[in-house]
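Below: the structure, in structure tokens.
Just so we're on the same page: letters track the sequence lines, and every chain starts at 1. When reading the values below, keep in mind they use all heavy atoms of this one structure, side chains included, and skip hydrogens, waters and symmetry mates.
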Amino acid sequence: MTCIRPNATKYSFPQQNVKAFSMLDVKYLRENPEAAEARLKTRGEALNLSGFRALDEKRRALLQTSEELKALRNKVSEEISRIKEKSQAQDRIAEMREVSQRIKALDDELKEVEEALGIFLMTVPNLPSAAAPVGASEADNVVVRTWGEPQAFSFAPKPHWEIGEALGILDFERGAKLAGARFTLYRGAGARLERALINFMLDLHTGRHNYVEMLPPFMVNRESMTGTGQLPKFEEDLFHLDGTDYFLIPTAEVPVTNIHRGEILRGADLPLRYAAYTPCFRKEAGSYGKDTRGLIRQHQFNKVELVKFVCPADSYRELEALVADAERVLQLLEIPYRVVDLCTADLGFSAARTYDLEVWLPGQNSYREISSCSSFEDFQARRASIRFREDDKAKPEFVHTLNGSGLAVGRTVVAILENFQQADGTVTIPEALRPYMGGMESIG
RNA sequence: GGAGAGAUGGCCGAGUGGUCGAAGGCGCCUGACUCGAAAUCAGGUGUGGGGGUGACUCCACCUAGGGUUCGAAUCCCUAUCUCUCCGCCA
């Protein structure tokens, strides 16, 4: 049983040099610019590192000059302190006044260079894992395995919005009245079904998969959004609360990964596995025509998220286990799905490797994403400064972070309605879920 | 929302302009003693960034960001967070 020992887990909470944080390893970029450019190119990122290298060199030159002057100032200031009669130190004080001014000028310039460097580095996506299939588009994703047989219907299966409306459990019109497009009102057994799924998933992951349940804030600050990679590049996808610096979370990944921002964890405590239910809020900018009907693409939806902090050596074994944990939900619910290995071109900004779970939706005669499980390697750990010490004497190293949906709840409702619909318009409730539905066997 | 107090290393806690990266204690590591352990004694014990093949060396960091000064943990300003009291509230 994994358990949280706050005092043991929180090995230390250092003041971190947040402004110097880098997303990709600066040393790696400095020493292997061609390799980095080539790998980024596989994800469609045409990047020229020459500007970066020029800035990097300028930074080091400025730093050296500034530090030499600081060493001088420290030395002379100490001499001044030893002189009893300050009138005898006037010339040196004047000299140091000038040195200080030069230092100030150098540091101002250095700050500008570091800001430019920071802005550049913050917007460079992660390097794809060497294991990720190289591809040019979504079409090059690789289906790794398929589970379950899409059932043959003796009638034309309906899309979930028709089923839900007919049963009186999904009300899209009133959702739109209350808030707008892409909002839905759940009613009666529909609301119960959503809640049952949340509890079912959390119980499974905490009870059988050894995750610790978390219930984080649903809005976070800018630092947290930057730590996981949503900012600075994707601000237009986020809901921001006017007059504050809070953002509504687009996924529990953000608050849960940032739980350990700025911390040094104990190697013995790894891996840490957290499960969290949260609503998720997304602007869905740029998807105007897509999935306008039904629950597939909402501004607000529920999700149970799995997050792991692991030793780099265990990273990919833990990713496979994470995928298996998410798959288990669909297996218990008896919903056919397939696992897709995303190609380099389809990877998200922060991800190094991603498996998507796609459920079969008979109402749409296609597989649709219901979970996305990724390893970020040390990308988020660098941004958020999350490290661990192998043992008490070891140097801190960056952890690897992983996360995956386990699962998107609204889309699971979609999958249940469409896969378990009956000819008479009712929907059978999967057996595993019935205890969570007060024993109800079917809706309608 | 109003009034006040505070934020120092893994933890506790000193420090109000110079030799302070920071006393002391606790914890931890190494060594001595021991059959072993405890106790005791001695030494050590932060992070990041430059430079050097290396021994090593320099710089920065006392919540964060500015300022004053030859010199700032220490003085000034701002922000954040914590605590106390009042008001309000699930």
Side-chain angles (χ1 to χ4, degrees), chain A residues 5-31 53 55-115 117-118 121 215 217-227 243-246 258-269 378 381-399:
Chain A
R5 287 167 292 156
N7 293 324
T9 305
K10 195 170 173 181
Y11 185 83
S12 68
F13 196 94
Q15 83 301 349
Q16 52 181 314
N17 194 357
V18 193
K19 70 181 173 211
F21 54 153
S22 51
M23 359 345 317
L24 295 176
D25 185 351
V26 171
K27 279 181 187 147
Y28 176 81
L29 288 183
R30 186 185 294 152
E31 285 156 20
R53 298 183 73 186
L55 277 176
D56 182 50
E57 274 167 36
K58 189 169 180 193
R59 171 178 169 271
R60 282 190 290 168
L62 286 167
L63 196 59
Q64 264 189 53
T65 315
S66 167
E67 288 189 351
E68 277 165 20
L69 289 175
K70 281 175 184 167
L72 173 70
R73 182 179 68 185
N74 288 345
K75 188 167 142 276
V76 176
S77 286
E78 198 201 320
E79 286 168 18
I80 292 171
S81 75
R82 280 201 296 261
I83 296 172
K84 291 271 185 290
E85 189 52 63
K86 291 294 188 251
S87 59
Q88 291 178 9
Q90 282 316 314
D91 53 337
R92 262 176 281 197
I93 287 175
E95 199 184 319
M96 285 310 106
R97 185 177 299 144
E98 196 183 307
V99 167
S100 276
Q101 278 163 9
R102 286 178 60 198
I103 290 171
K104 179 84 168 59
L106 285 166
D107 282 354
D108 285 347
E109 197 179 349
L110 185 63
K111 199 178 155 192
E112 275 176 37
V113 170
E114 286 191 332
E115 268 167 20
L117 218 40
L121 288 167
L215 184 60
F218 299 160
M219 32 183 126
V220 298
N221 57 30
R222 189 169 286 273
E223 289 70 40
S224 294
M225 284 294 185
T226 306
T244 72
D245 206 22
Y246 295 140
N258 277 281
I259 287 173
H260 294 300
R261 173 154 49 88
E263 296 184 18
I264 300 178
L265 306 167
R266 293 188 356 157
D269 290 337
D378 64 6
R382 280 177 196 284
R383 293 172 78 101
S385 187
I386 307 169
R387 292 170 293 172
F388 77 104
R389 240 186 266 272
E390 189 68 54
D391 57 73
D392 285 349
K393 299 181 79 175
K395 278 245 163 226
E397 294 177 57
F398 290 112
V399 299

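- Residues Asn221(A) and Ser224(A) bring a donor and an acceptor atom of their side chains to less than 3.5 Å of each other.
- With both pairing distances under 3.5 Å, A37(B) is matched to nothing as a Watson-Crick or G-U wobble pair.
- G1(B) is paired with C86(B) under the Watson-Crick or G-U wobble criterion, all donor-acceptor distances under 3.5 Å.
- Across every strand in view, G18(B) sits in a pair with C70(B) that passes the Watson-Crick or G-U test at under 3.5 angstrom.
- Taking atom CD of residue Glu223(A) and atom C1' of nucleotide A64(B), one finds them 10 Å apart after rounding to whole Å.
- Regarding contacts with the backbone of G49(B), every side-chain N or O of Lys27(A) stays at 4.0 angstrom or more from both OP1 and OP2.
- The shortest distance between the side-chain N/O atoms of Asn74(A) and the OP1/OP2 oxygens of G71(B) is not below 4.0 Å.
- The shortest distance between the side-chain N/O atoms of Arg73(A) and the OP1/OP2 oxygens of G71(B) is below 4.0 Å.
- For the pair Leu117(A) CG and G49(B) P, the computed distance is 13 Å after rounding to whole Å.
- Residue Arg387(A) places at least one side-chain N or O under 4.0 Å from the OP1 or OP2 atom of G48(B).
- The number of heavy atoms from other shown groups lying within 6.0 Å of CZ (Phe398(A)) is above 12.
- When the C1' atom is used for both C62(B) and G17(B), the distance is 15 Å, rounded to whole Å.
- Between Lys104(A) and U69(B) there is no side-chain polar atom (N or O) within less than 4.0 angstrom of OP1 or OP2.
- An OP1 or OP2 oxygen of C58(B) is reached within less than 4.0 angstrom by no side-chain nitrogen or oxygen of Arg60(A).
- For G6(B), the paired nucleotide is C81(B), the pair qualifying as Watson-Crick or G-U wobble because both relevant distances are below 3.5 Å.
- G6(B) sits 14 Å from G13(B) when the P atoms are compared, rounded to a whole Å.
- Base pairing of U30(B): its partner is A42(B), meeting the Watson-Crick or G-U wobble criterion (both donor-acceptor distances under 3.5 Å).
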Practice item. Could you walk me through whether Glu223(A) and Thr226(A) pass the side chain to side chain contact (heavy atoms under 4.5 Å, CB included) test, one step at a time? Key: CA-CA 5 Å; Glu223(A) 289 70 40; Thr226(A) 306; 5.7 Å; no
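- In this model, no side-chain donor or acceptor of Glu78(A) finds a partner on the base of G71(B) within 3.5 Å.
- Residue Ser100(A) has its side chain nearest to G71(B) when only G48(B), G71(B), G50(B) are considered.
- Under 4.0 angstrom from either OP1 or OP2 of G18(B) there lies no side-chain N or O belonging to Arg82(A).
- Base pairing of A60(B) is made with U47(B), judged by Watson-Crick or G-U wobble geometry with both donor-acceptor distances under 3.5 Å.
- There is no side-chain donor-acceptor pair under 3.5 Å between Ser385(A) and Arg261(A).
- Here, G9(B) and C61(B) have their P atoms 15 Å apart, quoted to the whole Å.
- Within the nucleic acid shown, Lys111(A) comes within 4.0 Å of sugar-phosphate atoms alone, with no base atom in reach, counting heavy atoms only.
- Remark: the backbone N or O of Arg73(A) is paired with a side-chain donor or acceptor of Ser77(A) at under 3.5 angstrom.
- In this structure, A55(B) makes no Watson-Crick or G-U wobble pair, since no nucleotide meets both defining distances under 3.5 angstrom.
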